[in-house]
A.B. asks: 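Okay, handing you the structure first.
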Amino acid sequence: MVAKKAVPVVVIIQPNLLVLIVALLAAMAVKKVAVMVVRILLSLLVQDVVIVALVPALLPVPMIVQKVAWILAVVHVFQPVWDSARVLVCLDVKRDAGVGAGVTIDTNVEVCIRYLLKMKGIKKKEVDWKSGMAKNITFIVTKDCQLACKYCYLVGKNSKERMPWEVAKQAIDYVLEREEDFPEESVVWDFIGGEPFLEIDLIDKICDYIKVEQFQRDHHWFGAYRFSFSTNGINYHEEKIQQFILKNKEHLSIGITIDGTEMKHDLNRVYKTSGRGSYKDVVRNIPLWLSQFPDASTKVTISSADIPYIKESVLHLYALGIHEVNINCVFEDVWKAGDDRLFEEQLLMLADAIIDNGYYRDYSCSFFGEHLGKPLDCKLQNQNWCGAGMMLAVDAMGNFYPCTRFAQYSLRNKKAWIIGNIHDGIDKNKLRPFLTLDRCTQSTQECIDCEVASGCAWCQGENYDAADTSTIYQRSTAICKMHKARVRANNYYWNRLLRKMESEGEPC
């Protein structure tokens, strides 16, 4: 790593346009200059210098100067500055900031950092966040939600358990301080609830801190990270959420859950207080979401009651402009006699609609896949379907889990499977069983020998919750008949589609 060097510092307390122009010219003319300013107002790009103009907090000037002086002392400890670098650091001075506090990434810090890295003499390998296997780290920021979805596996949702900032910070520090224990090339920082965007202020602070820490530690995840959210979409349009999206869009993945038609959506996704369906409050935000994330996908959940609405719901989502529909049956044992037949009928009708209307060219539905429904070899094709144990989740108490599905609010019948906490770290002995899991060690012989085994999914948390004992080695088979119905429909889909493409001369 290039050595850190001290440089002259220019602090602009109350910049106006003339002062900014002078500062810009000075920064361009003089090497080894770091311009540090306080609180964002506007941003200008001139040649290789990023100018961030800021106004002070509403405090007397002497107090501001004192705050800035403290912060500069802290910044000099970690901020890398090189011989030929002209650096502008975005800072935010808070009213209650103490020594070393109040240093947060503001709106344009991503731009600042990227230009810092690109300047002459500064070398750092940028890694695409998708390369290799990404580590998934999940913050359970709240267990509250506006909705009480009838199929939701979160049986212990409540409005009391909200993650404190101190817990989130310690969890981040624990992970980033142990780079050798987390060697994955990329990381997905995931946020769930309940409804995660109910805690947008906390999330914003967490993400700012992660960006600063990854940069100042020269962590290999800097530039190779993603912030991921699955939201019910109800408050997606709110100003704080939109500001957060604007600030982090380059490293952001957001999925809004909309279950299909208004009839299907409102059958399950209802408000917890009134029981009213939430469709209208969600669908109004879909155009905004797609304008920001045009390649975004939605997740649709199927339970016994809404099987009759599958075909029209997928087509409705296509009509809304959603090109990728990820859809799955719930893993819990809720299926009734005859559900598999009705399910297959819906999929056959959906297959015909997708093929006849040409949707297969630009749209996708995860119910249909080329590699679905084939036998699997116990030696060559023995991977675990679920990523539990490879992921890491942390709750409001600072407890670590192999997946959020092992937290107490996700379990009906079993005790939470805690693998450590932010104070004592991860207990590798409690994690060890997850690292030995594969398909055959947890499956019945019938599943192992199944002729249509590929694509048959399972959830490790549901396996644990539904097992006869407190084991993760007993695979739940509640969706067996639904999987077989899906395979039959999938075979029909691909046989018909390939014949059509062949007859019309389309490349397969």
A.B. asks: Are the side chains of Met391 and Thr138 in contact, using a 4.5 Å heavy-atom criterion?
C.D. replies: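 Not touching, per the 4.5 Å side-chain cut-off.
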A.B. asks: Are Asp144 and Lys272 close enough for a salt bridge, meaning some N to O gap below 4.0 Å?
C.D. replies: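 Looking at Asp144 and Lys272, the cut-off is met.
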A.B. asks: Using the rule given for salt bridge (Lys or Arg N to Asp or Glu O under 4.0 Å), can you reason through Asp173 versus Lys169, listing the C-alpha separation, both sets of side-chain angles and the distance that settles it, and then say yes or no?
C.D. replies: CA-CA 6 Å; Asp173 291 341; Lys169 180 181 181 299; 3.0 Å; yes
A.B. asks: Using a 6.0 Å distance limit plus a 45 degree cone around the ring axis, check whether Lys240 lies over the aromatic ring of Phe197.
C.D. replies: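 No, cation not above the ring by the 6.0 Å, 45° rule.
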A.B. asks: Do Asp190 and Phe139 have side-chain heavy atoms sitting under 4.5 Å apart?
C.D. replies: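 Contact flag for Asp190/Phe139 side chains = no.
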A.B. asks: Keeping Asn248 on the side-chain end and Phe244 on the backbone end, is there a donor-acceptor pair under 3.5 Å?
C.D. replies: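 Yes: the side chain of Asn248 pairs with the backbone of Phe244.
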A.B. asks: On a heavy-atom basis, which atom in Tyr363 and which in Ile322 lie closest, and how many Å separate them?
C.D. replies: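 Smallest heavy-atom distance, with atoms named: CD2-O, 3.7 Å.
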A.B. asks: Indicate yes or no: at least one non-hydrogen side-chain atom of Phe191 is less than 4.5 angstrom from one of Ile206.
C.D. replies: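 They are in side-chain contact.
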A.B. asks: Test: ring pair (Phe, Tyr, Trp, His ring centres under 6.0 Å). Region: residues 147-188. Which pairs qualify, not counting sequence neighbours?
C.D. replies: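 Sorted result for residues 147-188: Trp165-Tyr209, Tyr174-Phe400.
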A.B. asks: Below 4.5 Å, heavy atoms only, C-beta onward: do Cys365 and Tyr318 meet side chain to side chain?
C.D. replies: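 A side-chain contact exists here, since the closest heavy-atom pair is under 4.5 Å.
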A.B. asks: Regarding Gln146 and Asp281, do their side chains bring together a donor and an acceptor under 3.5 Å, going by distance alone?
C.D. replies: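 No - no donor-acceptor pair under 3.5 Å links their side chains.
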A.B. asks: Do side-chain atoms of Ser366 reach the backbone of Ile327 as a donor and acceptor pair under 3.5 angstrom?
C.D. replies: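 Pair found, side chain donor or acceptor close to backbone of Ile327.
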A.B. asks: Do Gln170 and Glu166 pair up side chain to side chain, a donor and an acceptor below 3.5 Å, judged on atom types alone?
C.D. replies: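 Distance-only check fails for Gln170 and Glu166.
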A.B. asks: Counting C-beta onward and ignoring hydrogens, is there a side-chain heavy-atom pair between Ile234 and Val282 closer than 4.5 Å?
C.D. replies: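 Heavy-atom side-chain distance check passes, below 4.5 Å.
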A.B. asks: For Lys264 versus Ser313, what's the shortest heavy-atom pair and its separation?
C.D. replies: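 Minimum heavy-atom separation between Lys264 and Ser313: CD-OG, 3.2 Å.
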A.B. asks: Give the intermediate values and the outcome of ring-ring contact (aromatic ring centres under 6.0 Å, His included) for residues Phe227 and Tyr225.
C.D. replies: CA-CA 7 Å; Phe227 299 131; Tyr225 65 91; 5.3 Å; yes
A.B. asks: Under 3.5 Å, side chain of Arg269 to main-chain N/O of Leu147, donor-acceptor pair present?
C.D. replies: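 Between the backbone of Leu147 and the side chain of Arg269 there is no qualifying donor-acceptor contact (under 3.5 Å).
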A.B. asks: Does any N or O in the side chain of Arg405 come within less than 3.5 Å of the main-chain N or O of Ser410, such that one atom is a donor and the other an acceptor?
C.D. replies: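 Present.
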A.B. asks: Counting distance only, does the side-chain N/O of Thr298 pair as donor-acceptor with the main-chain N or O of Ile258 below 3.5 Å?
C.D. replies: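 A pair under 3.5 Å: yes.
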A.B. asks: Give a yes or no on whether the backbone of Ala416 and the side-chain of Gln408 come within a donor-acceptor separation of less than 3.5 Å.
C.D. replies: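 Present.
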A.B. asks: For Met390, does its backbone N or O pair with a side-chain atom of Lys135 as donor and acceptor, under 3.5 Å?
C.D. replies: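 It does hold such a pair.
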A.B. asks: Within the side chain of Trp417, is there an N or O that forms a donor-acceptor pair under 3.5 Å with the backbone of Lys430?
C.D. replies: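 Such a contact is found between Trp417 side chain and Lys430 backbone.
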A.B. asks: Taking the side chain as every heavy atom from C-beta outward, state whether Glu195 and Thr231 have any atom pair closer than 4.5 Å.
C.D. replies: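 With C-beta onward as the side chain, the pair touches.
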A.B. asks: Tell me every residue that passes side chain to side chain contact (heavy atoms under 4.5 Å, CB included) with Asn158, counting only those two or more places apart in sequence or in another chain.
C.D. replies: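 Here the qualifying residues are Lys143, Lys160, Glu161.
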A.B. asks: Applying side chain to side chain contact (heavy atoms under 4.5 Å, CB included), name anything that partners Asp438, two or more places apart in sequence or on another chain.
C.D. replies: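 Asn382, Cys440, Thr441.
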A.B. asks: Examine distances only and state if a side-chain atom of Trp289 and a backbone atom of Ile254 form a donor-acceptor pair shorter than 3.5 Å.
C.D. replies: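 Indeed, once roles are kept as given, a pair shorter than 3.5 Å links the two residues.
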A.B. asks: Just checking, any donor-acceptor pair under 3.5 angstrom between side chains of Asp259 and Asn268?
C.D. replies: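 Judged by distance alone, the side chains do not pair up.
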A.B. asks: Regarding Glu179 and His220, is there a side-chain donor-to-acceptor distance under 3.5 Å anywhere?
C.D. replies: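 Side-chain D/A pair, Glu179 to His220: present.
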A.B. asks: Give a yes or no answer on whether the side chain of His323 reaches the backbone of Asp362 with a donor-acceptor pair at less than 3.5 Å.
C.D. replies: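 Answer holds: yes.
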A.B. asks: Measuring only between side-chain heavy atoms, which start at C-beta, is Gln214 closer than 4.5 Å to Val187?
C.D. replies: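 Yes - at least one pair of side-chain heavy atoms lies under 4.5 Å apart.
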A.B. asks: Shortest non-hydrogen contact from Asn463 to Trp458?
C.D. replies: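 The pair with the smallest heavy-atom distance is ND2-CD1, 3.4 Å.
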